[in-house]
Novice: 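Got a structure for you, questions after.
In what follows, chains carry the letters A, B, and so on, assigned in the order in which the sequence lines appear, proteins first and then strands, with residues in each chain numbered from 1. Atom set for the values below is all heavy atoms of this structure, side chains included, hydrogens, waters and symmetry mates excluded.
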2 protein chains.
Amino acid sequence: MLRSASIKDVANHARVAVGTVSNVLNNPDRVSPRTKDRVLQAIEELGFVRNDAARQLRAGHSRTIGLIVLDVGNPFFTAVARAAEDAAALHGSAVLLGDSGHDAGRESGYIDLFQEQRVQGLLISPVGDVEERLDQLRERGVPTVLVDRLADDASYSSVSVNDVEGGFLAARHLLDIGRRRLAFVTGPTSVRQFADRLEGARRAVADVSGASLEVVESDGQTVLAGRGMGDQLVGRSADKIPDGIFCANDLLALGVMQSLAMTHTFRIPEDVALIGYDDIDFAVSAVVPLSSIRQPTEAIGRTAIELLAEELDETHPRHRAVVFTPELVVRQSTAGAAV
Amino acid sequence: MLRSASIKDVANHARVAVGTVSNVLNNPDRVSPRTKDRVLQAIEELGFVRNDAARQLRAGHSRTIGLIVLDVGNPFFTAVARAAEDAAALHGSAVLLGDSGHDAGRESGYIDLFQEQRVQGLLISPVGDVEERLDQLRERGVPTVLVDRLADDASYSSVSVNDVEGGFLAARHLLDIGRRRLAFVTGPTSVRQFADRLEGARRAVADVSGASLEVVESDGQTVLAGRGMGDQLVGRSADKIPDGIFCANDLLALGVMQSLAMTHTFRIPEDVALIGYDDIDFAVSAVVPLSSIRQPTEAIGRTAIELLAEELDETHPRHRAVVFTPELVVRQSTAGAAV
DNA sequence: CTGATTCTTTGAATCGTTTCATTGTTACGA
DNA sequence: TCGTAACAATGAAACGATTCAAAGAATCAG
């Protein structure tokens, strides 16, 4: 078990000073071609690999960016993460991915970890009350960009999608196709995104007389949770069943759909129209292809990195809040049955 | 923009030696309660956070484990990754996730990155020809465990699932329900897993006289690639259409299903029975709930970490190859139509 | 009160890289 | 041949945590 070769070993082997080896690696133009060749050959022969810890220690910070998402099991977040990784790679940084799983404790654990790792900056979809932590990070020179969440004040940059608008679009679409007894199936409304989508849905419903909106809340936001809530809906007496269901995300919608499909009592969309949120790749291949509200995942991830880069470049950055507009995607789960 | 407080700052503030601060953090019992309190208070007041780079530099290795998967867009791999993260957390390590995207170049890039980071060990689903790199890593004391891939020789530990068996199960199931003109829709057969599944399918077909197996190969393995191949199948003259399709993974299967569903010419499973592989969460909520071959993702991730832990503990570890057995899950896409 | 023993605390050395002031070398015009 | 740039190479210092031999303090038996 060899100890890895260090820059000093390389220097000895090539009969140059350590500073020269460092220059070959970081400022190749400053080194004469002959010396450079000798050093490169030594590197090759010894199989030298830079020690990133030492480099970071000297530099005072790493070349990594931390990203904390709410749920890696949700394709929406993996899509955002991939876009962020690609964009970060262009800036020469790597992205460390942390999954809070909607848990404030885990979230806090990742913030600790990233802080110990001296990440350059942090992208986060916050769960808990992290303002204070983030302020503290910023004082230490670690900027944060909020992802999928509008910054409350102007002290943070953020990338978000207008969830109120999205909720409005979804509910109005259900109303447009003649549904009046709507249900909003959601995870905890303490999650800002869900609360906003509900808010939007409420507005749409308020515009139409005779329309009602029931809120069905669960503590999960997975396919399984959706199935549970679907079962609950299906078990009701017929006159209590909504004719339009808007789910706070596609996972919930797919779960509800499974449940409806399993009991063959209700047809989608004839008896119950169903719309989700996020437009994940799997929405289109659902039992009944799922209508949804599309969010521009690629742009979200890319923009988050760009905003972070701005904060890193400037000494007194102006914080920006970029808000994207969601888009209605109509598929079979709400098709046909127009008024 | 404050420089973060260092252990030395804490020491000054608490009027003790740096070694004492270090002991408070790492060997609390060696420090008298009074001193400990003073140090802890100083840490609190200065908002001290350990610098992981310095710690690693001294220790010679990090507390991280690298995991390189073939495709984070595939829920199979995210499920394995999550299990690995949970298991690693129990050992006090964090997992860095890299996505090679079936690209040998990106794979190599992540190996470089992880090597620079001095990860404790590496879990990898290899794409390219990485044996040599891995041998080199091991010489440096960085053990590797192969994931979702049986080790060729006994020099590596590995966790895999018997893909030949899985392919056999899938194809035999199609044969059992009376299908004879089978097609294997797959990504590149240079991917070991796909090649093995094909091998298994071939064996099953060879057992039944009058049965045939056509291989439809694409260079992708996503939902989109599946759709492309589905379109190609659907465009054929009716007598050239297979009556049983086995897809090398569920993403391909969902794509093929979309394509079949869009042209309303063929019914699933009556005209064409369809089975996928991996049994991802979304399989059950597909247009037609998808039959599949289930792999124990949780056990794979957990076992990978355990094998790695064994390699790290022992000086001359015995390498172990753990092989799980896949399981047939029958749903509607192949149901009914028994002979 | 002494010497032995245990418990605390100290601080210099170390890890591997980068930086930068300094020294050494080369080339060229005068 | 000399002086002066321009260019190359050097190596000590610094980053921040951990380690460990050694010194110092406290305790206790005799």
Novice: Give the rounded distance in Å between these two atoms: CG of B:Leu46 and C1' of D:dG16.
Specialist: 15 Å

Novice: Does A:Thr20 have a side-chain nitrogen or oxygen under 4.0 Å from the phosphate oxygens OP1 or OP2 of D:dT10?
Specialist: yes

Novice: Can you measure A:Asp9 atom CG to C:dC15 atom P for me and round it to whole angstrom units?
Specialist: 10 Å

Novice: Go through B:Asp148 and B:Arg192 one step at a time and tell me if the salt bridge (Lys or Arg N to Asp or Glu O under 4.0 Å) criterion holds.
Specialist: CA-CA 10 Å; B:Asp148 196 35; B:Arg192 178 77 56 91; over 6 Å; no

Novice: Does D:dT18 have OP1 or OP2 sitting under 4.0 Å from an N or O in the side chain of B:Arg55?
Specialist: yes

Novice: Would you say a side-chain N or O of A:Ser6 is under 4.0 Å from OP1 or OP2 of C:dC15?
Specialist: no

Novice: What is the distance, to the nearest angstrom, from the CZ atom on B:Arg63 to the C1' atom on D:dA17?
Specialist: 12 Å

Novice: Taking only the side-chain heavy atoms of B:Asn23 (C-beta and beyond), determine which of C:dA12, C:dT17, C:dT10 contains the nearest atom.
Specialist: C:dT10

Novice: Verify whether one side chain among A:Ser93 and A:Gln120 offers a donor that lies under 3.5 Å from an acceptor in the other.
Specialist: yes

Novice: For A:Lys8 and D:dG11, give me the distance from atom NZ to atom C1', rounded to whole Å.
Specialist: 11 Å

Novice: When only distance counts, do a donor and an acceptor, one from the side chain of A:Arg58 and one from the base of C:dT18, lie under 3.5 Å apart?
Specialist: yes

Novice: Is the phosphate of D:dT18 approached by B:Asn26 (side-chain N or O, under 4.0 Å from OP1 or OP2)?
Specialist: yes

Novice: Quick one: which of D:dC15, D:dT10, C:dT10 gets closest to the side chain of A:Leu57?
Specialist: D:dC15

Novice: Are side-chain N/O atoms of A:Ser157 and A:Glu311 paired as donor and acceptor at under 3.5 Å?
Specialist: yes

Novice: With a non-hydrogen cut-off below 4.0 angstrom, is A:Gly19 in contact with a base, only sugar-phosphate, or nothing?
Specialist: base

Novice: So, OP1 or OP2 of C:dT9: does either fall under 4.0 Å of a side-chain N or O from B:Arg15?
Specialist: no

Novice: With a 4.0 Å cutoff (strictly under), does any side-chain N or O of A:Arg34 reach OP1 or OP2 of D:dA8?
Specialist: no

Novice: For B:Arg50 and D:dC15, give me the distance from atom CZ to atom C1', rounded to whole Å.
Specialist: 17 Å

Novice: Cation-pi check for B:Tyr156 against B:Arg320: NZ or CZ below 6.0 Å from the six-membered ring centre and within 45 degrees of the axis, yes or no?
Specialist: no

Novice: Could you check whether A:Glu45 and A:Gln41, counting side-chain N and O atoms only, form a donor-acceptor pair closer than 3.5 Å?
Specialist: yes

Novice: Nearest to the side chain of A:Ile7, which nucleotide is it out of D:dA17, C:dT18, C:dT10?
Specialist: C:dT18

Novice: Tell me the interatomic distance from B:Asn27, atom CG, to D:dC20, atom P, rounded to whole angstroms.
Specialist: 10 Å

Novice: Output the rounded distance in Å from CG (A:Asp29) to P (D:dA8).
Specialist: 10 Å

Novice: Does the side chain of B:Ser22 get closer than 4.0 angstrom to OP1 or OP2 of D:dT18 through an N or O atom?
Specialist: yes

Novice: Could you tell me whether a side-chain N or O of A:Asn51 sits under 3.5 Å from a main-chain N or O of A:Ala54, the two making a donor and an acceptor?
Specialist: yes

Novice: Once you apply a heavy-atom cut-off of 4.0 Å, does A:Val21 come out as touching a base, just sugar-phosphate, or nothing?
Specialist: nothing

Novice: Would you kindly compare B:Asp52 and B:Arg30 by the position of their nearest DNA chain D nucleotide and give the one closer to the 5′ end?
Specialist: B:Asp52

Novice: How many Å lie between CZ on B:Arg118 and C1' on C:dT17, as a whole number?
Specialist: 11 Å

